[in-house]
Peer 1: 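This is the structure I want to talk about, given as structure tokens.
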Amino acid sequence: MKRKVIPVLVLCAAMLIPAVPTNAKKLSSSNAAIKAARSEVPGATVTEVDTDHENGYLVYEVSLVKGKKEYDLKYRASNAKLIAYEWDLFHYYNWSGKKHLSKKKIRKKALNKVSGATVKSIYLEYDDDGDEYKVLLKKGKKNYTLEYDAGNGKLVSYKWKLTNAAASSSGSSSGSTSSSNSGIISEAEAKKIAAAQAPDTAEFIKVELDYDDGRQVYEIEMRDGYTEYDFTIDAKTGKILESDVDMDD
């Protein structure tokens, strides 16, 4: 009789324990992050693994090399979600001596690469190592940045990252950081504050709500010709916490 009762008790006890989804994933070690990165970029060599906290969450950052490309992948530890991906050509001297391609041609190349995306901005960056077009796009929950050789149109850098809302949409936080946007100034207000510090002809390149030391901030980039303006604005008070002006060499 006892042998018949034991399985029933075990079954009842099991029913009282919350089930753990069989497809639940997380990264609990650097080795797990390396395995995920190698699956994403087969045949690559891992050169570095690091951990960080982003928006209150633990993330793994994995760097790899394959062929002529350097990769950087970022994973959310709590759910093994890939939240940022990029590759860059290394040892590439991108000045071909040719006349710059038009923005129209670069725009077409970028939209062919990220079909269905919306182009947010295209601008030319001047550098001693070569001039590049930088294209900022948005598609769904991802923000893309593509960089092209201005002379021959070669894609030399490709990166995307999830928007803050998408990156924080799942997984358990390791801190007390809240994703709520209540009680902060609007993006339009933040842009107005930044615009007052730059020339009227400056264009917005990036406006992003982020966290810095547990505080919500707007990270804003503007450009006017050869000059780039960067601002970090407190999202609650509207105070400019950091500002920087950088001119292309």
Peer 1: Could you give me the CA-CA distance, side-chain angles and deciding distance for D212 and D210, then say whether side chain to side chain contact (heavy atoms under 4.5 Å, CB included) is met?
Peer 2: CA-CA 7 Å; D212 184 11; D210 206 344; over 6 Å; no
Peer 1: Looking at side-chain heavy atoms only, is the closest gap between I122 and Y148 below 4.5 Å?
Peer 2: no
Peer 1: What distance do Y71 atom OH and Y158 atom OH have between them, rounded to the nearest 0.5 Å?
Peer 2: 11.0 Å
Peer 1: Where do V135 and A110 come nearest, in terms of heavy atoms and distance?
Peer 2: CG1-CB, 3.8 Å
Peer 1: Between I106 and G153, which heavy-atom pair has the shortest distance, and what is it?
Peer 2: CD1-CA, 4.4 Å
Peer 1: Under a 4.5 Å cut-off applied to non-hydrogen side-chain atoms, are F231 and Y218 in contact?
Peer 2: no
Peer 1: I need the L89 CG to K69 NZ distance, nearest 0.5 Å.
Peer 2: 6.5 Å
Peer 1: CD1/I220 to CD1/I205 distance, rounded to the nearest 0.5 angstrom?
Peer 2: 12.0 Å
Peer 1: When clusters are formed by joining ILVMFWY residues with side-chain heavy atoms under 4.5 Å apart, either directly or through shared neighbours, do Y57 and V217 land in the same one?
Peer 2: no
Peer 1: Flag the pair E228 and R223 as a salt bridge only when some basic side-chain nitrogen lies within less than 4.0 angstrom of an acidic carboxylate oxygen.
Peer 2: yes
Peer 1: Just do the side chain to side chain contact (heavy atoms under 4.5 Å, CB included) check on L162 and K81 with the steps written out, would you?
Peer 2: CA-CA 10 Å; L162 293 179; K81 190 172 187 178; 3.7 Å; yes
Peer 1: Check for me, please, whether W87 and Y60 land in the same ILVMFWY cluster - side-chain distances under 4.5 Å, paths through other members count.
Peer 2: yes
Peer 1: What are the two closest non-hydrogen atoms of L101 and Y133, and how far apart are they?
Peer 2: O-OH, 2.5 Å
Peer 1: Quick one: does any side-chain atom of Y229 pair with a main-chain N or O of A202 as donor and acceptor, under 3.5 Å?
Peer 2: no
Peer 1: How many angstroms lie between atom CD of E147 and atom CG of L136, to the nearest 0.5 angstrom?
Peer 2: 9.0 Å
Peer 1: Nearest heavy-atom pair of V119 and R107: which atoms, and what distance?
Peer 2: CB-NH1, 3.6 Å
Peer 1: Do K139 and L137 have side chains that get closer than 4.5 Å, going by heavy atoms?
Peer 2: no
Peer 1: Report the C-alpha separation of V62 and R38 in whole Å, then their side-chain angles, then the decisive distance to 0.1 Å, and conclude whether the side chain to side chain contact (heavy atoms under 4.5 Å, CB included) test is met.
Peer 2: CA-CA 10 Å; V62 186; R38 283 176 171 165; over 6 Å; no
Peer 1: Are any of the side-chain heavy atoms of L64 and E70 separated by less than 4.5 Å?
Peer 2: no
Peer 1: Return the minimal non-hydrogen interatomic distance between A80 and Y75, and the atom names on each side.
Peer 2: O-CD2, 3.6 Å
Peer 1: Would you call F90 and V65 a side-chain contact if the rule is heavy atoms closer than 4.5 Å?
Peer 2: yes
Peer 1: Starting from L155, can I reach Y123 by hopping between I/L/V/M/F/W/Y residues whose side chains sit under 4.5 Å apart?
Peer 2: no
Peer 1: Calculate, to the nearest 0.5 Å, the distance between atoms CZ and OG1 belonging to R215 and T232 respectively.
Peer 2: 9.5 Å
Peer 1: Is the NZ atom of K159 crowded by more than 12 outside heavy atoms at less than 6.0 Å?
Peer 2: yes
Peer 1: Does the side chain of I185 come within less than 4.5 Å of I193's, by heavy atoms?
Peer 2: yes
Peer 1: Hey, can you tell me if W160 and Y144 have their rings parallel, tilted or perpendicular (30° and 60° cut-offs)?
Peer 2: tilted
Peer 1: For residues 41-49, which side-chain donor-acceptor pairs fall under 3.5 Å, sequence neighbours excluded?
Peer 2:
from : atom 1 : to  : atom 2 : distance (Å)
T47  : OG1    : S63 : O      : 3.3

Peer 1: Measuring from atom CD1 of I233 to atom CD of E242, what distance do you get when rounded to the nearest 0.5 angstrom?
Peer 2: 11.5 Å
Peer 1: Would you say L241 and I184 are hydrophobically clustered, going by side-chain heavy atoms of ILVMFWY under 4.5 Å?
Peer 2: no
Peer 1: Using a strict threshold of under 4.0 Å (side-chain N to carboxylate O), is an ion pair present between E208 and K161?
Peer 2: yes
Peer 1: Do L27 and I83 belong to the same hydrophobic cluster, where Ile, Leu, Val, Met, Phe, Trp and Tyr are linked whenever their side-chain heavy atoms lie under 4.5 Å apart, directly or via other members?
Peer 2: yes
Peer 1: Please report the closest heavy-atom contact between S243 and I240, naming both atoms and the distance.
Peer 2: CB-CG2, 4.2 Å
Peer 1: Does atom CD (E203) have a neighbourhood of more than 12 heavy atoms from anything else shown, all under 6.0 Å?
Peer 2: no
Peer 1: With the side chain counted from C-beta on, respond yes when T227 and V245 share a heavy-atom pair under 4.5 Å apart, and no when they do not.
Peer 2: yes
Peer 1: Could you walk me through whether H53 and V59 satisfy the side chain to side chain contact (heavy atoms under 4.5 Å, CB included) test, starting with their C-alpha distance in whole Å, then the side-chain angles of each, then the deciding distance to 0.1 Å, before giving a yes or no?
Peer 2: CA-CA 6 Å; H53 280 82; V59 297; over 6 Å; no
Peer 1: Do other residues, nucleotides or ligands put more than 12 heavy atoms under 6.0 Å from K105 NZ?
Peer 2: no
Peer 1: Which one of K120, K134, K206 satisfies the salt bridge (Lys or Arg N to Asp or Glu O under 4.0 Å) criterion with E221?
Peer 2: K206
